[in-house]
Amino acid sequence: MPRKRSTNARTPRRTVSRISNSRIELEVDVSDTAVVEESDNTKPQEQTISESTTADQKKSLRSHLEARLLYRLSPTVRILQMFGCFPSAFDCGLPKESKSVKERAYTTTVTTVLKLFTLALLAGNAVLFVHNIQAMYASQEQLGILHAITVSWVITGLKPLVNAVQFALYFFKAEHHRRVLERLQAVDDQFFVLTGHRVHGVQDANIFMIRLTTWSLLFSFVFRIVDIGAQGFEGLLAHWLNAISPLLVPLLTAWNVIPLGYFFILHRIVRHWFDDLSRQLKADKFLQNRSLSEYFRYYKLLTDVLTEIRDLFNFWIAFSLSWALMCLCLAIFFVTQAPIFADAPEEFEMSAEDEIAFRIAIAFNLSWSLIQILVAIGFILVISISGIKTNETVGRYFCVECH
């Protein structure tokens with residue numbers, strides 16, 4: 001019996017028989033259409049593959065950047081930029097060579113704006129220092145040089161001068177500061193190859209800097225509001241500086257203590273690398289993994305970074321210790337004087353209410369002086385202890401190497 005043809009084979013023959021005169025044209029059209037359809041189908045697939053590959057590359061690059069030291073230290077760097085302590089644009093990410101022309105132009109513009117901002121802060125602190133000098137001379141003529149209010153003006157009046165000198169250092173050492181950060185990143189990358197992990201404690205350092213900035217601003221703001229409330233809010237209208245003092249006084253305090261916290265953070269990071277190097281050398285007792293010259297190369301790398309950090313902070317350390325010791329000497333000198341240094345002169349005729357207000361003003365002025373003295377003591381302790389700990393860490397590495 002003859003076989004029955006399937007419907008799948010019968011349909012194309014009928015189609016071809018009806019248009020047999022255009023058989024060749026039909027076959028060409030069908031083949032061309034198949035090629036076009038195939039090419040159209042492969043384009044979305046290739047595009048999807050390329051998009052997924054680009055997304056994976058971006059994700060990998062982002063995860064790589066997020067693990068780097070400067071990306072994790074970016075909150076601290078941003079705080080420095082916000083308060084004028086680092087007048088330079090720094091994206092904490094890709095190096096300068098990989099940036100486009102627009103990105104470089106943007107970086108230059110931001111750097112210029114930050115430098116102008118730092119110069120404006122420097123000029124503002126210089127104006128405040130001149131105002132404090134004038135107030136100190138006026139108080140000295142009315143009350144005497146050994147009076148409590150004059151003493152407070154002498155001690156607290158140094159704060160704008162300290163900030164102005166610091167801003168001058170930030171402005172002239174901005175590029176050096178940038179090189180120090182880039183050097184820290186390079187050291188962290190090399191120690192990642194050595195130890196297999198990044199430097200620890202960076203998040204704690206950011207939290208410490210944020211808390212230090214917040215508490216300095218908040219404490220000064222609250223204490224200034226209490227001071228104004230105790231002496232009367234009508235004093236705010238006496239001078240334009242009194243009107244902005246609730247905002248200005250916290251900023252003066254923050255500008256004073258932020259560089260100290262940053263100095264402490266950098267020394268802590270370097271000490272962590274020295275500890276990692278000591279542990280690696282102890283574990284490799286017989287020098288099976290690396291040679292002694294390679295460990296010495298890492299040690300030389302850390303000492304070079306430490307030298308650059310000290311070059312960045314040397315003048316700041318000298319100036320900070322100078323004004324801190326001067327504040328302590330002034331405090332000791334004035335406290336050891338006669339106990340009547342808080343009394344009003346006899347030629348002043350004051351009512352009972354005026355005398356109470358005068359005593360309250362003296363108490364708050366001495367409180368501000370006490371805060372400044374405590375900050376000066378903190379400067380001396382933090383600078384000394386950080387330097388001692390860093391030197392001890394370097395000495396421990398030498399002991400490990402000798403053994």
Worksheet item: Quick one: does Leu122's side chain get under 4.5 Å of Val165's, heavy atoms only?
Response: no
Worksheet entry | Asn256 vs Trp323 side-chain heavy atoms within contact, under 4.5 Å | yes
Discussion item. Angle between ring planes, Phe296 versus Tyr299, binned at 30° and 60°: parallel, tilted or perpendicular?
Written reply: tilted
Discussion item. Below 30° counts as parallel, above 60° as perpendicular, anything between as tilted: where do the rings of Phe313 and Tyr262 land?
Written reply: tilted
Worksheet item: Mind checking whether Phe379 and Trp316 have parallel, tilted or perpendicular rings, split at 30° and 60°?
Response: tilted
Worksheet item: If you measure only the distance, is there a donor-acceptor pair under 3.5 Å linking the side chains of Asn206 and Thr76?
Response: yes
Worksheet entry | Pair Asp275 + Arg271, salt bridge at N-O below 4.0 Å | no
Fill in: Residues Glu308, Arg183: salt bridge by 4.0 Å N-O rule
yes
Response to the item:
d(Leu370 CG, Thr156 OG1) to nearest 0.5 Å is 12.0 Å
Item to complete: Before giving the answer on side chain to side chain contact (heavy atoms under 4.5 Å, CB included), spell out for Met209 and Phe264 the whole-Å C-alpha distance, their side-chain angles and the decisive distance to 0.1 Å.
Response: CA-CA 10 Å; Met209 180 61 78; Phe264 174 76; over 6 Å; no
Worksheet entry | Pair Asp189 + Arg198, salt bridge at N-O below 4.0 Å | yes
Worksheet item: Hey, does the side chain of Asn365 reach the backbone of Ala361 with a donor-acceptor pair shorter than 3.5 angstrom?
Response: yes
Worksheet entry | Student check: side-chain heavy atoms of Phe86 and Leu181 closer than 4.5 Å | yes
